[in-house]
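Here is the naming used below: chain letters follow the sequence lines, and residue numbers restart at 1 for every chain.
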Amino acid sequence: MLKIYNSLAREKQDFIPIIAGKVNMYVCGMTVYDYCHLGHARVMVVFDMVSRWLRASGYEVTYVRNITDIDDKIIKRALENQETIGTLTQRFIDAMNEDAAKLGVIRPNLEPRATEFVEGMVHMISTLVSKGFAYAADNGDVYYSVKSFDGYGKLSGKSLEDLRAGERVDIDLHKRDPLDFVLWKAAKPDEPSWDSPWGKGRPGWHIECSVMGEHHLGNHFDIHGGGQDLQFPHHENEIAQSEAAHGCTYVNYWMHNGFIRVINEKDGQDEKMSKSLGNFFTIRDVLRKYEAEVVRFFILRAQYRSPLNYSEHHLDDAKQALTRLYTTLKNVPPAAVAIDWSAPYAARFKAAMEDDFNTPEALAVLFDLANEANKTKSPELAGQLKALAAIVGLLEHDATGFLQGRLADEMSDANADTHALSPADIETLIQARLTAKQTKNYAEADRIRKELLENGIILEDTPQGTTWRSA
RNA sequence: GGCGCGAUAGCAAAAUGGUUAUGCACCGGCCUGCAAAGCCGUAUACCCCGGUUCGAUUCCGGGUCGCGCCUCCA
């Protein structure tokens with residue numbers, strides 16, 4: 001039985017879908033005005049892993065991940081760049097899809113864009129106004145009245161009094177309550193706008209997810225995910241909007257992934273990677289130096305709710321670990337096997353995944369399996385390793401290709417082959433060394449091996465001949 | 001100020017009321033012409049103080065430190 005840590009209940013709960021055998025899942029995606037950073041990579045990889053596991057468990061999954069293609073920052077950036085909002089957002093949507101593909105992220109079933117659902121948003125806002133949960137202010141904005149919704153604060157564990165006591169609530173004369181949030185923003189001159197009963201304007205941020213979720217998954221669905229920073233206010237506001245509009249529970253299980261953190265140069269302490277702190281690394285930055293699967297492995301080796309510290313040292317470490325797994329697949333060619341969930345390793349893997357997606361534990365099972373496969377030289381066990389890893393989107397590449405660093409096109413943004421030596425050059429040197437070895441000219445053989453090592457090539461002599469890999 | 005999360009060996013990271021996590025790094029051995037890879041083995045932990053218990057890293061209380069949310073953020 002799958003258990004999921006539900007942010008709403010603050011505990012792990014048995015996962016029971018609304019419709020047997022079917023899972024409807026919505027994840028808050030990106031606001032597309034810049035390249036995705038590692039934090040975005042974590043959301044994409046984590047929920048990709050979740051959807052893969054649900055499917056492997058036999059569920060029919062509808063996975064929706066939205067794209068926010070209209071908001072203040074997008075408008076500002078387009079203006080700065082002197083380009084249209086449409087070209088700006090399309091450019092970064094394309095970039096996001098490229099990054100995601102390299103990370104082994106399967107496309108969600110649906111990727112709705114906010115601008116395609118403005119009509120639905122106007123409709124939901126009208127419903128909220130007519131039910132008394134929202135009001136139009138005299139400046140043309142429409143606000144949600146938080147105190148009209150009894151459950152406000154249930155997701156984030158905050159009470160209205162606590163929030164009012166907070167130091168950072170800004171005063172807005174148009175709001176009846178400082179905590180009220182905007183559903184509809186009156187258009188300023190030269191801003192993109194849509195018609196509405198309240199005049200020309202554009203939607204607030206929170207309403208888009210309520211509407212797109214409803215449109216694709218219904219008024220009540222199973223799982224809603226996103227980064228921890230969205231728990232409040234974004235997800236809290238979504239609940240307020242949707243439950244007030246529909247009069248029923250919005251989402252059963254709320255999942256929030258932890259942050260990527262980086263060391264702050266000033267004080268040496270870890271802090272959240274974020275756009276506002278300006279301390280982020282884009283996925284592209286990282287892929288110039290590391291294969292995407294290393295990044296995926298790095299993300300999955302931590303439990304999704306834990307903070308994850310980013311550093312090159314940690315990625316180097318992840319690369320070594322992944323190399324061990326691929327080395328096993330190289331040394332023990334895997335047989336094509338179907339997973340038998342009652343087999344010992346598969347059963348342990350499954351138990352780990354069912355415990356709130358405990359990927360560190362699941363990966364530990366893969367290493368135990370690799371050890372056993374190395375020991376027994378069993379293609380069957382190597383096949384199990386490959387099959388289980390594939391469920392979390394790992395070890396899906398050619399082992400030799402990975403080990404030789406020849407997956408540049410599909411795995412990284414590095415400029416093709418970084419080796420000074422071509423595979424043909426390497427092969428020639430390997431043959432020269434072999435000849436030297438046969439004449440017991442070990443000094444020459446070792447010289448050649450050293451020359452290769454200086455070019456980042458490590459040799460491995462096996463009973464089947466000499467193979468090489470990238471250092 | 002309010003609310004919440006965390007502290008595990010050199011690094012990273014899980015589980016667990018008593019029995020090897022796992023990976024990287026390290027040390028010894030096997031294998032190898034020597035290496036590499038692989039295998040075998042050793043070593044290194046559970047923030048501090050109390051409590052519960054036959055027994056706590058694991059449960060409870062307090063403390064210290066770190067992190068996050070309360071404002072746009074994955």
Side-chain angles (χ1 to χ4, degrees), chain A residues 7 10 27-31 36-47 65 71-73 153 156-159 161-170 179 205 225-234 236 256-261 269-277 280 297-298 301-303 305-309 311 313-325 327-328 330-332 348 351-352 355 358-368 370-371 373-377 403 437 440-443 445-446 449-450 453 458-463 466-469 471:
Chain A
S7 303
R10 273 167 277 276
V27 171
C28 288
M30 265 50 79
T31 301
C36 290
H37 60 62
L38 235 32
H40 300 121
R42 190 173 195 189
V43 187
M44 291 194 283
V45 169
V46 161
F47 289 100
R65 190 185 64 208
D71 97 317
D72 289 351
K73 285 174 179 168
S156 53
K158 297 174 192 303
S159 67
E161 296 85 76
D162 292 343
L163 289 165
R164 291 208 174 89
E167 293 162 346
R168 297 190 274 181
V169 176
D170 55 341
L179 297 174
W205 176 36
Q228 227 162 40
D229 43 2
L230 299 185
Q231 189 168 348
F232 188 89
H234 185 54
E236 192 71 64
H256 294 98
N257 65 274
F259 300 129
I260 301 271
R261 298 200 303 202
Q269 299 293 347
D270 300 321
E271 63 182 10
K272 170 186 172 181
M273 176 180 290
S274 78
K275 287 186 183 173
S276 24
L277 291 173
F280 60 89
F297 183 90
F298 165 71
R301 90 197 291 219
Q303 211 275 345
R305 286 185 286 115
S306 306
L308 177 55
N309 292 333
S311 75
H313 173 257
H314 293 152
L315 283 181
D316 288 336
D317 191 83
K319 178 176 178 156
Q320 285 306 111
L322 189 57
T323 295
R324 173 169 166 79
L325 259 22
T327 300
T328 298
K330 189 201 91 174
N331 293 343
V332 188
R348 280 176 60 202
D355 181 16
N358 190 344
T359 52
E361 177 67 22
L363 296 184
V365 174
L366 298 186
F367 283 98
D368 287 345
N371 176 255
N374 285 330
K375 232 184 297 192
T376 59
K377 304 281 180 229
L403 294 169
K437 275 178 67 175
K440 300 228 189 297
N441 185 353
Y442 293 123
D446 290 350
R449 186 170 61 197
K450 194 169 168 228
L453 185 60
I458 293 168
L459 295 189
E460 292 174 356
D461 291 336
T462 76
T466 299
T467 60
W468 65 274
R469 69 188 168 95

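- The nucleotide whose nearest atom lies closest to any side-chain atom of F367(A) is, among C11(B), A21(B), G23(B), G23(B).
- Annotation: A13(B) and C24(B) have their C1' atoms spaced 11 Å apart (nearest Å).
- In this structure, E271(A) reaches the sugar-phosphate backbone alone: every heavy-atom distance under 4.0 Å involves primed, P, OP1 or OP2 atoms, never a base.
- Atoms OH and NZ, from Y442(A) and K437(A) in turn, are 7.0 Å apart once rounded to the nearest 0.5 Å.
- Across the protein-nucleic acid pair, K375(A) atom NZ and C31(B) atom P stand 19 Å apart, rounded to whole Å.
- In this entry the distance linking NE2 of H40(A) with P of C73(B) reads 10 Å, nearest Å.
- Residues D316(A) and G39(A) both approach RNA chain B. Their nearest nucleotides, taken by heavy-atom distance, put D316(A) toward the 5′ side.
- A distance of about 22 Å separates the P atoms of G23(B) and G18(B), rounded to the whole Å.
- Note: CG (N257(A)) to C1' (C5(B)) measures 15 Å, nearest angstrom.
- Checking side-chain atoms of E361(A) against main-chain N and O of A352(A) turns up no donor-acceptor pair under 3.5 Å.
- Between the side chain of S276(A) and the base of C73(B), a donor-acceptor pair under 3.5 Å is found.
- Relative ring orientation between H37(A) and F280(A) is described as tilted, the plane-to-plane angle lying within the 30° to 60° band.
- Side-chain proximity of P360(A) to A13(B), C39(B), A21(B): nearest is A13(B).
- Put simply, CD on Q228(A) is 11 Å from P on C5(B), counting in whole angstrom units.
- Taking atom CZ of R261(A) as the reference point, atom C1' of C5(B) lies 10 Å away to the nearest angstrom.
- Of the inter-residue distances, the one linking I260(A) atom CD1 with S274(A) atom OG reads 12.5 Å to the nearest 0.5 angstrom.
- The side-chain heavy atoms of N371(A) and K375(A), taken from C-beta on, include a pair separated by under 4.5 Å.
- Using a 4.0 Å heavy-atom cutoff across all strands shown, A321(A) reaches sugar-phosphate atoms only and no base atom.
- Each of K275(A) and H313(A) was assigned the nucleotide of RNA chain B with the nearest heavy atom; the assignment lying further toward the 5' end belongs to H313(A).
- N309(A) comes within 4.0 angstrom of no nucleic acid atom, judged by non-hydrogen atoms across all strands.
- For R324(A), there are no salt bridge (Lys or Arg N to Asp or Glu O under 4.0 Å) partners, not counting sequence neighbours.
- For the pair H314(A) (side chain) and F298(A) (backbone), a donor-acceptor distance under 3.5 Å is absent.
- Here the CG-CG distance, from L363(A) to N358(A), works out to 9.0 Å after rounding to the nearest 0.5 Å.
- When the C1' atom is compared between A9(B) and C5(B), the two are found 23 Å apart, to the nearest whole Å.
- Judged by atom type and distance alone, K272(A) reaches the base of C73(B) through a side-chain donor-acceptor pair under 3.5 Å.
- Between the C1' atoms of C26(B) and C11(B), the separation comes to 12 Å (whole Å).
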| note | Quick tally for nucleotides 32-37 of chain B: nucleotides whose base has a protein heavy atom under 4.0 Å get B, sugar-phosphate-only ones S, the rest -, giving -BBBBS
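- You'll find the side chain of D71(A) stays beyond 4.5 Å of the side chain of W205(A), heavy atoms only.
- M44(A) comes within 4.0 angstrom of no nucleic acid atom, judged by non-hydrogen atoms across all strands.
- For T31(A), the listed nucleotide lying nearest its side chain is A74(B); candidates were C39(B), C70(B), A74(B).
- With P as the reference atom, U20(B) and A7(B) are 22 Å apart, rounded to whole Å.
- Atom CZ of R42(A) and atom P of A74(B) are 15 Å apart (whole Å).
- Contacts of S306(A) with the nucleic acid, taken as non-hydrogen atoms under 4.0 Å apart, involve only primed sugar atoms and P, OP1 or OP2.
- Between the side chain of K73(A) and the base of C72(B) there is at least one donor-acceptor pair of N/O atoms closer than 3.5 Å.
- H40(A) and M30(A) make their closest contact through CD2-SD, 3.4 Å (heavy atoms, listed as atom of the first residue, atom of the second, distance).
- On the P atoms, A15(B) is 24 Å away from A25(B), given to the nearest whole Å.
- Counting any heavy atom pair closer than 4.0 Å across all strands shown, G227(A) reaches sugar-phosphate atoms only and no base atom.
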| request: Map every base of RNA chain B to its dot-bracket character, where paired means a Watson-Crick or G-U wobble contact with both distances under 3.5 Å and | marks a partner outside the strand. | output: (((((((..(((.....[...)))..((((.......)))).....(((((..]....))))))))))))....
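- Between K319(A) and D316(A), no side-chain nitrogen of the basic residue sits less than 4.0 Å from a carboxylate oxygen of the acidic one, so the salt-bridge criterion is not met.
- Here the side chain of Q269(A) is nearest to one of G68(B), G66(B), U22(B), namely G66(B).
- As a whole-Å value, the separation of R164(A) CZ from C70(B) P is 17 Å.
- Here the CE atom belonging to M273(A) is positioned 11.5 Å from the CZ atom belonging to R261(A), to the nearest 0.5 angstrom.
- Of all nucleotides listed (A74(B), C39(B), A15(B)), A15(B) comes nearest to the side chain of N358(A).
- Using a 4.5 Å cut-off on side-chain heavy atoms (C-beta onward), F47(A) and R65(A) make no contact.
- Across all strands shown, G258(A) has heavy atoms under 4.0 Å from base atoms, whether or not it also approaches the sugar-phosphate.
- Among the protein residues, L366(A) comes within range of no part of the nucleic acid, since none of its heavy atoms lies under 4.0 Å from any strand.
- Counting non-hydrogen atoms under 4.0 angstrom, D317(A) reaches a base of the nucleic acid.
- C27(B) and U53(B) have their P atoms separated by 47 Å, with the value rounded to a whole Å.
- On the P atoms, G4(B) is 23 Å away from U8(B), given to the nearest whole Å.
- What separates NE2 of H37(A) from P of C72(B) is a distance of 16 Å, to the nearest Å.
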